[in-house]
Each structure stands twice: as structure tokens, then as C-alpha cells.
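From a predicted model like this one, the values you see are computed outputs, not experimental measurements.
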Amino acid sequence: MVKDIWIKDVQNGVYDGQEVTLMGWIKRTRGSNKIRFVVLRDSTGTIQCVGKRDVLGDEVFENLKESLIESSVHIHGTVRADERAEGGHELDIDGFTVIGPVDPERPFPITESAMQTEDEEGNIVWGGSEFLLDQRHLYLRTTRSTTMLKLRSSAFGAIHSYFRNHDFIEYQAPNFVAGAVEGGSTLFEVPYFGRQAYLTQSWQLYAEAAMPALERLYTIAPSFRAEKSRTRRHLTEFWHAEMEMAWSSNDDIMKHGEGVVRSIAKTLLDEREEELTLLERDLDTIARYADSPYPRIRYDEAVETLQGMGVDVEWGQDLDYSKEKVLTQDFDVPHFLTHYPKIAKPFYHRMDPDDEKYVLCHDLLAPEGYGEIIGGGERTWSEKEILKRIEEEGTPKEPYQFYIDVRSYGGVPHGGFGLGVDRVVSWLAGATHIREVIPFPRTSRRVTP
RNA sequence: GCCGAUUUAGCUUAGCUGGUGGAGCGUGGGACUGUUAAUCCCAAGGUCGUGGGUUCGAGCCCCACAAUCGGCGCCA
């Protein structure tokens with residue numbers, strides 16, 4: 001019983017006038033004593049199927065009436081174009097079989113009323129109730145969720161294609177690690193045969209080790225951060241697209257950051273126009289993200305702009321979300337922020353040789369209030385400089401010995417970035433929360449289901 | 001880590017001044033020949049998050065705890 005007929009193709013008129021057997025799940029039913037409408041769903045779309053008592057006979061018609069939402073069924077019938085039906089096509093049912101019934105004592109729990117709630121400002125929030133998060137395994141079947149997951153798939157595909165088309169090698173780093181990339185307070189601890197291990201926060205350090213071997217490398221892998229962040233853009237387990245490139249400057253890295261994000265936007269337009277429309281995304285806006293160059297602003301300019309707007313910010317502070325948000329309000333495309341003060345960034349960022357107060361780094365900020373989606377830059381690549389930076393920051397040398405070794409044997413200028421894939425999908429999809437774009441979101445308060 | 005809020009039927013929620021808890025969806029029964037979240041009639045379904053307190057009387061007032069949501073910090 002291999003399935004070879006897809007609802008999308010039926011709606012596209014491929015089977016007009018033909019007898020077919022459709023396989024799927026009942027999304028909704030309605031009707032009268034003589035006629036029954038069954039909206040059938042599969043992974044590709046929905047179609048209204050029509051059952052009439054005088055065609056089916058009393059017994060079959062009653063069975064059809066009794067089939068509840070999310071029952072899996074085979075429905076046999078003839079395809080017909082019909083303006084009255086959503087999608088433009090209909091199936092006249094002449095027989096059907098329930099494959100997996102649903103017990104009326106325990107009907108499918110997700111009803112229309114559960115799908116949307118409002119936050120305190122009256123904005124619609126999708127799938128955010130405790131109930132829907134508890135029922136996540138069933139929520140995945142809803143149109144909203146399916147749409148998001150399709151966009152996500154296209155985004156992953158776009159990232160792989162972009163890097164492979166630019167001669168990057170896909171490379172995997174371990175997820176169990178012994179030390180921190182970032183500050184260290186946000187590591188998940190894992191018991192490891194009597195020792196302490198951690199879940200990785202980033203692929204970067206291990207990528208730098210392979211950089212002299214592969215020169216251009218990338219990955220898409222989960223990263224873990226034990227941050228108790230309660231925001232619409234944080235997950236404790238998120239999908240991190242990272243790249244590392246030998247013989248490159250901060251500018252070279254930014255070109256690829258811009259390239260991959262624009263390529264994701266382009267791919268969504270090419271592959272998922274229908275889904276974007278369903279989410280009421282403005283296609284011209286997405287096209288602008290795909291086609292426009294992304295401007296670059298130095299940290300100093302950003303701080304001056306903010307100060308000019310009356311925002312309380314001092315030079316040397318990292319720019320937190322509240323400030324990013326103010327900055328991005330006037331943006332209609334993503335912007336790079338570059339050249340942060342050295343004191344605001346960790347040691348692996350390379351100092352700007354033109355002015356050692358700054359480091360050669362960049363963040364890419366998405367518009368519409370979505371904020372940071374990329375963080376990257378040129379690495380401190382010479383042995384001499386890395387030792388100096390580690391000492392300046394008072395970082396212990398021991399855990400980073402392998403990182404230093406990489407520089408002791410033929411270090412070269414190099415750099416890379418990390419892109420939050422879930423954040424990018426969330427932004428391009430116009431999601432109300434990052435958990436909308438990942439099947440089973442992991443946050444500080446939830447590891448189930 | 002900090003701040004704010006919520007918790008009433010399977011779900012979404014109303015509940016006035018403290019005085020015997022209403023509705024919509026879903027489910028069950030019935031009606032209806034083309035519906036679009038179909039419609040109409042009927043029914044079942046509630047120890048009002050947990051524990052304590054105030055009161056003649058608590059869904060409502062007070063305290064504690066819990067779960068969840070949102071915002072901030074931190075970041076991708």
C-alpha cells in the first residue's frame with residue numbers, strides 16, 4: 001500500500017475525472033442527514049471529500065458520520081473540479097476504510113479554540129498555552145506547525161547548498177566536551193563515567209583545529225546553553241549553523257554571513273511561497289531580504305546613534321537586546337554591527353591592528369524586532385596574540401592548550417560565524433515565538449514531551 | 001539571577017459588592033439535500049492549581065507553595 005497519490009497533486013488537477021484512493025487523516029467533518037463533507041489532510045494539503053447517503057448506503061454513510069477528527073482513512077472516489085470546495089477540487093466518495101480509528105471517549109484534544117491565545121498587549125500568540133506545549137506531539141499535525149516545519153526544512157537545505165556551492169566541507173565536532181567556548185556559566189553538566197563533561201555550546205574551537213586541514217568548513221548541529229532565558233528567541237537546545245574559513249578577514253566572513261542569509265530568504269521564496277502566504281508573510285519583504293545588501297555599522301556609530309536618540313548607553317557596554325531593538329526599528333533589512341570594544345568580547349576575537357581598543361567581529365541583527373541572528377569575526381590567530389589576550393582576560397591557559405597549539409604550528413588569518421537557524425526561520429516565518437519553528441522546543445522550564 | 005502575570009469542564013473562557021458557577025468549541029443523542037470553524041434543539045461533563053487562614057458564608061479577601069506564561073539580563 002505504497003502511497004503514490006498526494007492531495008496537493010489532486011488539487012492541482014492531475015487526477016481530474018479519475019478514480020483514486022486517497023490516504024490521510026480526517027481534519028474536519030460537517031454535513032447533514034443526506035450529505036457528509038470530510039476534509040482530508042495529508043502532508044501536502046487538504047481536500048474536501050463528499051459522501052452522499054444515496055450513493056454510499058445507510059451503513060457506510062453512518063460509519064462516515066462516526067469517523068472523528070484525526071482518524072486515518074483510505075477514501076476511494078472520483079476527483080472533480082468544484083469551485084465550491086476549498087482548493088478547487090473535490091472527491092466524490094464511493095467507499096472508505098478507517099485504518100486507525102479515534103475513540104469518541106478520547107477525541108483529538110486540540111480544538112480551534114486552543115490554537116491561538118492573546119498576550120497582555122492583545123497580540124495573537126500561536127501554540128503557546130501550557131496545554132498545547134504538553135500536547136506537542138499532536139500539535140505537530142496542525143496546519144500552523146506543519147507550515148513552520150516545511151519552512152525550516154527549506155532553510156536547512158538552503159544552508160547546506162550555500163556552503164557546498166562555495167566549496168565548504170561539512171565537518172562534525174563532538175557534542176560532549178570538556179571545556180567552555182563562552183564564559184562557562186552556561187554549560188550543561190553531564191556525568192561522564194565518574195568525570196564531569198559538558199554539552200557543547202559551539203562547534204567553533206574544534207572547527208579551528210581542522211581549519212588548517214580543510215580550510216573551509218561548516219556544520220549544522222545542535223548547541224546547548226544552560227541559560228534561564230525567558231524570551232521569544234531563546235532555546236536551551238538550538239540548531240547552530242557555523243562556518244570557519246582559513247585565509248580570511250572579518251569582511252570576508254561577513255560576505256558569507258550575508259550570502260547565506262540571503263540565500264535562505266531566496267530559497268524560501270522559491271520553495272515555500274504557498275507557506276509564506278499562508279502565514280500572511282509579505283513576499284516583497286522576504287524578497288527585499290533576499291536581494292538587498294546588508295549595511296555595516298561600526299559599534300561606535302551605533303552607540304552615537306543611540307545616544308542621539310536619547311538612549312542611556314555608554315561606550316564599552318555590550319549592546320543588549322533593548323538597544324538592539326531600538327536600532328533595528330528603523331532597519332528594513334538586516335544590518336551588521338562591527339568593531340565592538342575589546343572589553344565587551346571574549347579573547348578569541350582578534351584585536352583590530354589599526355586600533356587595539358576594538359576587535360574584528362560582527363553581529364548580524366535581523367529587523368522586525370528579531371535581533372541577533374549571527375555572531376562572528378576574525379579569530380586571534382597568532383600564538384603570540386592569543387597568549388597575550390588570554391593573559392589580559394585572566395583566562396586559565398590549561399583548558400585551551402589544544403586551541404593554542406593550533407596557532408603554534410602554522411597559524412593563518414581565519415575566522416567564522418555562528419548562525420542561529422531557529423532564529424532565522426522564526427524571523428523569516430514571522431513566528432510569534434522561536435518554539436514555533438522547532439518540533440519539540442527545549443527551554444529552561446520544559447524538556448517534555 | 002531579577003521583575004510582572006496567570007491557574008474555573010477535555011480545550012477557550014465569563015463570573016458584579018463575599019451569598020447555591022454561565023457560555024462557546026469538542027463529545028453523545030436528535031433535526032436538516034452542498035457545507036466552508038455549517039446551522040438548529042437536547043444531554044452528559046466542575047471537590048474553581050495545592051495547603052492553610054479570615055468569615056455565619058470564599059471561585060472572589062489574606063498567607064505559603066507549585067506549575068505555567070510574559071518581559072529583562074545573557075546570547076545564536
Side-chain angles (χ1 to χ4, degrees), chain A residues 27-39 46 48-55 65-66 68-70 82-87 90 92 102-121 123 125 128-135 138 143 181-186 201-204 222-242 257 317-325 345-346 363-366 370-376 417-427 432-435 443-446:
Chain A
K27 188 180 171 63
R28 168 149 257 110
T29 67
R30 52 184 169 254
S32 68
N33 197 29
K34 299 274 170 60
I35 186 167
R36 195 82 194 154
F37 300 95
V38 175
V39 179
T46 60
Q48 177 163 282
C49 306
V50 190
K52 292 178 178 167
R53 188 186 286 274
D54 55 10
V55 175
K65 268 177 87 170
E66 283 163 14
L68 296 184
I69 288 172
E70 287 307 314
D82 194 315
E83 285 180 352
R84 292 171 294 183
E86 200 165 310
E90 243 176 25
D92 286 323
V102 171
D103 181 356
E105 294 288 315
R106 294 184 300 115
F108 191 66
I110 297 176
T111 58
E112 295 283 342
S113 60
M115 285 296 293
Q116 301 178 15
T117 48
E118 287 185 7
D119 66 13
E120 282 152 26
E121 285 151 24
N123 302 310
V125 178
S129 69
E130 183 179 359
F131 171 74
L132 287 185
L133 292 169
D134 286 341
Q135 303 292 327
L138 301 177
T143 307
V181 178
E182 313 282 344
S185 59
T186 61
Q201 296 177 303
S202 167
W203 161 96
Q204 180 194 327
S223 282
F224 306 88
R225 305 253 168 113
E227 296 161 352
K228 288 185 182 169
S229 305
R230 303 194 50 73
T231 76
R232 297 178 184 211
R233 54 188 192 285
H234 280 87
L235 295 166
T236 53
E237 176 181 355
F238 68 96
W239 285 79
H240 211 173
E242 297 183 83
Q317 278 186 336
D318 204 354
L319 298 179
D320 59 43
Y321 180 65
S322 62
K323 311 206 169 56
E324 278 179 12
K325 205 171 175 180
K345 291 284 175 183
D363 286 352
L364 182 62
L365 308 183
Y370 284 88
E372 188 173 346
I373 52 175
I374 279 181
F417 65 76
L419 174 150
V421 184
D422 319 273
R423 281 191 180 175
V424 170
V425 177
S426 180
W427 158 56
T432 56
H433 195 292
I434 195 167
R435 69 177 162 234
T443 62
S444 60
R445 295 279 181 94
R446 185 176 283 280

Please pick, from [options], the nucleotide with the shortest atom-to-atom distance to any side-chain atom of [X].
X: A:Phe131; options: B:G34, B:C11, B:U68; result: B:C11
X: A:Val50; options: B:C75, B:G34, B:C74; result: B:G34
X: A:Pro104; options: B:G28, B:A76, B:G70; result: B:G28
X: A:Ile35; options: B:G34, B:C2, B:C75; result: B:G34
X: A:Glu372; options: B:G1, B:U33, B:C75; result: B:C75
X: A:Arg446; options: B:C75, B:C32, B:C69; result: B:C69
X: A:Arg30; options: B:A76, B:G1, B:U35; result: B:U35

NA contact type, [X], heavy-atom cut-off 4.0 Å: base, sugar-phosphate, or nothing?
X: A:Asp422; result: nothing
X: A:Leu235; result: base
X: A:Asp320; result: sugar-phosphate
X: A:Gly31; result: base
X: A:Glu105; result: nothing
X: A:Glu130; result: sugar-phosphate

Rounded to whole Å, please give me the gap between [atom1] in [X] and [atom2] in [N].
X: A:Arg230; N: B:G4; atom1: CZ; atom2: C1'; value: 11 Å
X: A:Tyr321; N: B:C75; atom1: OH; atom2: P; value: 15 Å
X: A:Lys65; N: B:G30; atom1: NZ; atom2: P; value: 7 Å
X: A:Phe238; N: B:C75; atom1: CZ; atom2: C1'; value: 8 Å

| query | Is there a donor on the side chain of A:Ser229 or the base of B:C75 sitting less than 3.5 Å from an acceptor on the other? | reply | no
Using the [atom1] atom on both, measure [N] against [M] and round to a whole Å.
N: B:C16; M: B:C11; atom1: C1'; answer: 26 Å
N: B:G21; M: B:A9; atom1: C1'; answer: 11 Å
N: B:A67; M: B:G51; atom1: C1'; answer: 15 Å
N: B:C32; M: B:G45; atom1: C1'; answer: 27 Å
N: B:C65; M: B:G19; atom1: P; answer: 29 Å
N: B:A44; M: B:G10; atom1: P; answer: 16 Å
N: B:U68; M: B:U8; atom1: C1'; answer: 16 Å
N: B:U17; M: B:A23; atom1: P; answer: 22 Å

| query | Can you give the dot-bracket line for RNA chain B, using ( ) for pairs inside the strand, [ ] for pairs that cross earlier ones, | for pairs with another strand and . for unpaired bases, where Watson-Crick and G-U count if both distances are under 3.5 Å? | reply | (((((((..((((.....[..)))).(((((.......))))).....(((((..]....))))))))))))....
| What's the verdict on salt bridge (charged side-chain N to carboxylate O under 4.0 Å, His left out) for A:Asp54 and A:Lys52, showing C-alpha distance, side-chain angles and the deciding distance? | CA-CA 6 Å; A:Asp54 55 10; A:Lys52 292 178 178 167; over 6 Å; no
It should be established whether [X] places a side-chain nitrogen or oxygen under 4.0 Å from OP1 or OP2 of nucleotide [N].
X: A:Ser322; N: B:G73; answer: yes
X: A:Arg53; N: B:G34; answer: no
X: A:Arg36; N: B:U35; answer: no

| request: Show the numbers, then the answer: is there a salt bridge (charged side-chain N to carboxylate O under 4.0 Å, His left out) between A:Arg446 and A:Asp134? | output: CA-CA 9 Å; A:Arg446 185 176 283 280; A:Asp134 286 341; 2.9 Å; yes
| message | Could you measure the distance from the CG atom of A:Leu419 to the CZ atom of A:Phe238? Nearest 0.5 Å is fine. | response | 10.0 Å
| Shortest non-hydrogen contact from A:Pro107 to A:Leu68? | CB-CD1, 4.5 Å
| field | Test side-chain contact (heavy atoms from CB on, under 4.5 Å) applied to A:Glu372 - qualifying residues, sequence neighbours left out | value | A:Glu324, A:Asp363, A:Leu365, A:Arg423
| request: Between A:Arg435 and A:His234, name the one whose nearest nucleotide on RNA chain B is closer to the 5' end. | output: A:Arg435
| field | Nearest-nucleotide comparison on RNA chain B, the residue closer to the 5′ end among A:Lys325 and A:Asp318 | value | A:Lys325
| message | Please check: side-chain N/O of A:Thr231 versus main-chain N/O of A:Arg233, any donor-acceptor pairing under 3.5 Å? | response | yes
| field | Intermediate values then yes/no, side-chain contact (heavy atoms from CB on, under 4.5 Å), A:Ile69 and A:Val102 | value | CA-CA 7 Å; A:Ile69 288 172; A:Val102 171; over 6 Å; no
Collect all protein-nucleotide pairs involving nucleotides 23-26 of chain B in which both atoms are nitrogen or oxygen and the distance is under 3.5 Å.
unit_1	atom_1	unit_2	atom_2	d
B:G24	N2	A:Ser113	OG	3.4

